[in-house]
Trainee: 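Structure in structure tokens, see below.
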Protein chains: 2
Amino acid sequence: MFTIGKLASQTSVSNDTLRYYEQEGLIEPAGKSPAGYRLYDEDSARRIRFIKHAQLCGFTLSEIRELLVLRVRDKACCGDVRTRAIEKKLQIESKICAMKAMSKALDQLIAECANEAQPVEECTIIAALERADIAPPVQ
Amino acid sequence: MFTIGKLASQTSVSNDTLRYYEQEGLIEPAGKSPAGYRLYDEDSARRIRFIKHAQLCGFTLSEIRELLVLRVRDKACCGDVRTRAIEKKLQIESKICAMKAMSKALDQLIAECANEAQPVEECTIIAALERADIAPPVQ
DNA sequence: CTTGACCTTGGAGTATACTCCATGGGGTAG
DNA sequence: CTACCCCATGGAGTATACTCCAAGGTCAAG
């Protein structure tokens with residue numbers, strides 16, 4: 001059992017963030033010292049790693065809270081978790097698509113700007129961004 | 001020339017959001033009625049579309065403000081404009097990279113969890129998210 | 001002339017995910 | 001005993017991007 005500072009440095013998260021996660025119902029200390037210090041164990045560290053990795057995968061804290069509920073609830077199937085992962089992946093893919101279109105438009109703009117006398121009114125990025133038919137809404 | 005409500009419904013943005021964009025220096029009404037009503041034209045609508053599409057591409061409002069400066073400033077396409085465009089492209093590429101990493105991490109999780117009927121205690125997504133060796137921090 | 005939809009401004013509130021701070025107690029080294 | 005760092009709580013602040021509200025002016029229809 002170790003205190004919050006140890007868990008923080010072990011997981012590269014601040015004490016404040018850990019207390020914030022607790023406040024948000026994402027974690028619970030394994031116990032408390034007589035003085036009221038939060039005490040954590042290896043399972044706490046695993047949980048923090050879970051949260052951090054899920055965040056890197058694009059999950060919000062409230063989505064992660066749901067995943068953590070699934071993780072505990074024994075009736076839930078892996079499929080529930082998988083469905084959420086697939087949904088999140090689709091969201092991300094859609095965003096990547098939109099950004100690739102943007103990047104392409106910028107490439108074009110940069111190429112055309114290479115010849116100095118190009119008037120701004122003809123910038124392709126602007127044309128691309130003003131068109132109604134690009135980048136389908138991402139959520 | 002039309003009022004804010006018309007522009008709002010035409011662009012599927014709320015009146016409040018339009019006023020907020022004005023406050024943030026993203027748009028300006030084309031004119032004002034004698035009573036002080038904001039009046040907009042087709043160019044305003046194009047500008048809103050520009051903002052919305054750029055947002056879908058992952059730009060923040062302050063980045064969009066910069067893009068709008070590019071769009072309006074400079075009668076000729078100068079080296080400075082090109083530099084800004086290249087900077088924006090690098091930002092986008094970096095964002096695409098980050099999102100690809102997220103997508104890849106999710107792919108890995110989804111692939112590992114092929115058996116949908118698996119109970120949560122054996123969910124490989126959760127196991128994977130608890131492992132310390134996946135999805136190195138991006139950005 | 002009244003109704004009701006629409007507009008104005010300024011300011012406060014929401015959600016996300018922290019981050020910092022003040023105040024005060026806890027625990028150990030010298 | 002005194003440093004000195006660690007921990008506790010509660011509350012405020014940050015950034016982004018809205019969203020809502022109150023109080024009041026504008027305007028066309030009936």
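To find a chain, count down the sequence lines: A is the first, B the second, and so on, and within it residues start at 1.
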Trainee: Send over the distance from A:Ile64 CD1 to C:dT16 C1', rounded to a whole Å.
Mentor: 12 Å
Trainee: With a 4.0 Å cutoff (strictly under), does any side-chain N or O of B:Arg19 reach OP1 or OP2 of C:dT8?
Mentor: yes
Trainee: Rounded to whole angstroms, how far apart are CG on A:Leu18 and C1' on D:dT9?
Mentor: 16 Å
Trainee: Less than 4.5 Å apart, any side-chain heavy atom of B:Arg38 and any of B:Tyr40?
Mentor: yes
Trainee: Please work out which residues in residues 22-35 of chain A have a non-hydrogen atom less than 4.0 Å from an atom of DNA chain D and list them by number.
Mentor: A:Lys32
Trainee: For A:Leu26 versus A:Arg47, what's the shortest heavy-atom pair and its separation?
Mentor: O-NE, 2.7 Å
Trainee: Indicate, with yes or no, if B:Ile64 and B:Tyr20 share a hydrophobic cluster defined by side-chain heavy-atom contacts under 4.5 Å among Ile, Leu, Val, Met, Phe, Trp and Tyr.
Mentor: yes
Trainee: Please report the distance, rounded to the nearest Å, between CD in B:Glu63 and P in D:dA15.
Mentor: 16 Å
Trainee: Examine D:dT16: is either OP1 or OP2 under 4.0 Å from a nitrogen or oxygen in the side chain of B:Thr60? Give yes or no.
Mentor: no
Trainee: Whole angstrom is fine here: how far is it from CD1 in B:Ile4 over to C1' in D:dG25?
Mentor: 16 Å
Trainee: B:Phe2 has an atom CZ; how far is it from atom P of C:dC7, in whole Å?
Mentor: 12 Å
Trainee: Has B:Thr17 got a side-chain atom pairing as donor or acceptor with B:Val13's backbone, closer than 3.5 angstrom?
Mentor: no
Trainee: Do A:Glu87 and A:Thr83 have side chains that get closer than 4.5 Å, going by heavy atoms?
Mentor: yes
Trainee: Starting from A:Leu7, can I reach A:Leu68 by hopping between I/L/V/M/F/W/Y residues whose side chains sit under 4.5 Å apart?
Mentor: yes
Trainee: With a 4.0 Å limit, can you tell me whether A:Arg38 has a side-chain N or O closer than that to the phosphate oxygens OP1/OP2 of D:dC7?
Mentor: no
Trainee: From CZ of A:Arg65 over to P of C:dA15, roughly how many Å is that when rounded to an integer?
Mentor: 12 Å
Trainee: Between B:Gln55 and B:Glu63, is any side-chain donor less than 3.5 angstrom from a side-chain acceptor?
Mentor: no
Trainee: What are the two closest non-hydrogen atoms of A:Lys52 and A:Tyr21, and how far apart are they?
Mentor: NZ-OH, 3.0 Å
Trainee: Look at the side chain of A:Tyr37 and the base of C:dG27, then say whether one donor and one acceptor between them are separated by less than 3.5 Å.
Mentor: no
Trainee: Kindly indicate whether the side chain of A:Ile27, heavy atoms from C-beta on, has any atom under 4.5 Å from the side chain of A:Ile51.
Mentor: yes
Trainee: DNA chain D: A:Lys6 or B:Ser62, which has the more 5' nearest nucleotide?
Mentor: A:Lys6
Trainee: Each nucleotide N or O in nucleotides 18-20 of chain D that has a protein N or O under 3.5 Å away: list the pair and distance.
Mentor:
| from | atom 1 | to | atom 2 | distance (Å) |
| --- | --- | --- | --- | --- |
| D:dC18 | OP2 | B:Tyr21 | OH | 2.9 |
| D:dC18 | OP2 | B:Gln55 | NE2 | 2.5 |
| D:dC20 | N4 | B:Asp16 | OD1 | 3.4 |

Trainee: Would you please confirm or rule out a distance under 4.0 Å between OP1 or OP2 of D:dC7 and any side-chain N or O of A:Asn15?
Mentor: yes
Trainee: How close or far is atom C1' of C:dC6 from atom CE of B:Met1, stated in whole angstroms?
Mentor: 18 Å
